[in-house]
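Comments concern the structure below.
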Amino acid sequence: QVQLVESGGGLVQAGGSLRLSCAASGRTFSSYAMAWFRQAPGKEREFVASINWSGGSTYYADSVKGRFTLSRDNAKNTVSLQMNSLKPEDTAVYYCAAAIGRRPIAGQLTPDYWGQGTQVTVSS
């Protein structure tokens, strides 16, 4: 069982930056691929980015590629999403997620565990 707790959301102006963090419980953090998803009001939850178990491979949705950077620290059981050049359309609740398995290459994934989410609001 893994518990995920997000932090770092908030209100920022367009063009600004935010850094989201996700802290995971348990001693097997390095056995999971990690990801972020987001859900805007009235829309379905969508994939944002993922990272493989070692941190050596990342994968991004086209909508955030070049602006967001995902990283992990297996020693601290944390994963971080650095979001730069934010746009109003990035406004959403952001969810940290974990998928069991040491995938060598990051990609789309179906999570086994979800965090509670953190709100990100980008004003124009």
Side-chain angles (χ1 to χ4, degrees):
Q1 188 76 12
V2 175
Q3 291 186 328
L4 305 172
V5 179
E6 303 97 335
S7 62
L11 173 64
V12 64
Q13 288 188 332
S17 299
L18 278 176
R19 186 177 181 86
L20 304 183
S21 294
C22 174
S25 65
R27 294 179 291 178
T28 58
F29 180 70
S30 62
S31 298
Y32 297 89
M34 299 297 295
W36 287 89
F37 289 73
R38 66 186 182 186
Q39 187 167 18
K43 295 187 177 181
E44 293 187 353
R45 191 172 298 189
E46 66 175 3
F47 171 84
V48 175
S50 67
I51 189 166
N52 77 329
W53 69 276
S54 69
S57 176
T58 53
Y59 181 76
Y60 300 93
D62 287 343
S63 59
V64 307
K65 198 173 297 182
R67 300 187 298 123
F68 291 11
T69 302
L70 183 56
S71 61
R72 69 187 294 162
D73 185 337
N74 286 345
K76 296 182 179 180
N77 283 16
T78 59
V79 62
S80 297
L81 183 68
Q82 178 65 42
M83 306 186 295
N84 298 329
S85 302
L86 283 163
K87 306 175 181 179
E89 51 263 45
D90 293 318
T91 295
V93 177
Y94 282 71
Y95 297 90
C96 179
I100 299 170
R102 288 191 164 188
R103 298 164 177 78
I105 304 296
Q108 289 273 4
L109 54 78
T110 300
D112 297 291
Y113 303 100
W114 292 93
Q116 293 299 306
T118 185
Q119 177 70 46
V120 171
T121 303
V122 184
S123 63
S124 57

Query - Trp36 to Ser80 - nearest heavy-atom pair and separation - result: NE1-C, 4.4 Å
Report summary line: Test side chain to side chain contact (heavy atoms under 4.5 Å, CB included), reference Val120, set Leu81, Leu18, Val93, output is Leu18
Report task. Kindly work out whether a path of hydrophobic side-chain contacts (I/L/V/M/F/W/Y, heavy atoms less than 4.5 Å apart) joins Val122 to Val64. Result -> yes
Query - Minimum heavy-atom distance Met34-Leu109, with the two atoms named - result: O-CD2, 4.4 Å
Query raised in the report: Got a second to check how far Ser21's OG is from Glu6's CD, nearest 0.5 Å?
Result: 10.5 Å
Query raised in the report: What is the minimum heavy-atom distance between Gly107 and Ser50, and which atoms define it?
Result: O-OG, 2.8 Å
Query raised in the report: Are Val48 and Tyr60 in one and the same hydrophobic cluster, where Ile, Leu, Val, Met, Phe, Trp and Tyr link if side-chain heavy atoms are under 4.5 Å apart?
Result: yes
Report task. Determine the interplanar angle of the Phe47 and Tyr59 rings, folded into 0 to 90°, and report it as parallel if under 30°, tilted if 30 to 60°, perpendicular if over 60°. Result -> tilted
Report task. Could you tell me whether the side chain of Lys76 reaches within less than 4.5 Å of the side chain of Phe29, counting heavy atoms only? Result -> no
Query raised in the report: Do the side-chain N and O atoms of Arg102 and Ser54 include a donor-acceptor pair separated by under 3.5 angstrom?
Result: no
Report task. Begin with the C-alpha distance, continue with both residues' side-chain angles, and end with the deciding distance and a verdict on side chain to side chain contact (heavy atoms under 4.5 Å, CB included) for Cys96 and Trp114. Result -> CA-CA 6 Å; Cys96 179; Trp114 292 93; over 6 Å; no
Query raised in the report: Per the side chain to side chain contact (heavy atoms under 4.5 Å, CB included) rule, which among Asp90, Leu20, Thr69 passes with Met83?
Result: Leu20
Query raised in the report: Which atom names give the shortest non-hydrogen contact between Gly115 and Tyr95, and what distance separates them?
Result: O-CD2, 3.6 Å
Query - Trp53 side, atom CH2; Arg72 side, atom CZ - distance, nearest 0.5 Å - result: 9.0 Å
Query raised in the report: Who are the ring-ring contact (aromatic ring centres under 6.0 Å, His included) partners of Tyr94, not counting sequence neighbours?
Result: none
Report task. Could you tell me whether the side chain of Gln119 reaches within less than 4.5 Å of the side chain of Thr91, counting heavy atoms only? Result -> yes
Query raised in the report: When rounded to the nearest 0.5 angstrom, what distance separates CG in Asp73 from OG1 in Thr78?
Result: 4.5 Å
Query raised in the report: Out of curiosity, Arg19 CZ to Asn84 CG, how far, rounded to the nearest 0.5 Å?
Result: 9.5 Å
Report summary line: d(Thr28 OG1, Gln1 CD) to nearest 0.5 Å is 10.5 Å
Report summary line: Nearest heavy-atom contact between Ala98 and Tyr32 is CB-CD2, 4.1 Å
Report task. Considering non-hydrogen atoms only, spot the tightest contact between Asn52 and Ile105 and give its length. Result -> CB-C, 4.4 Å
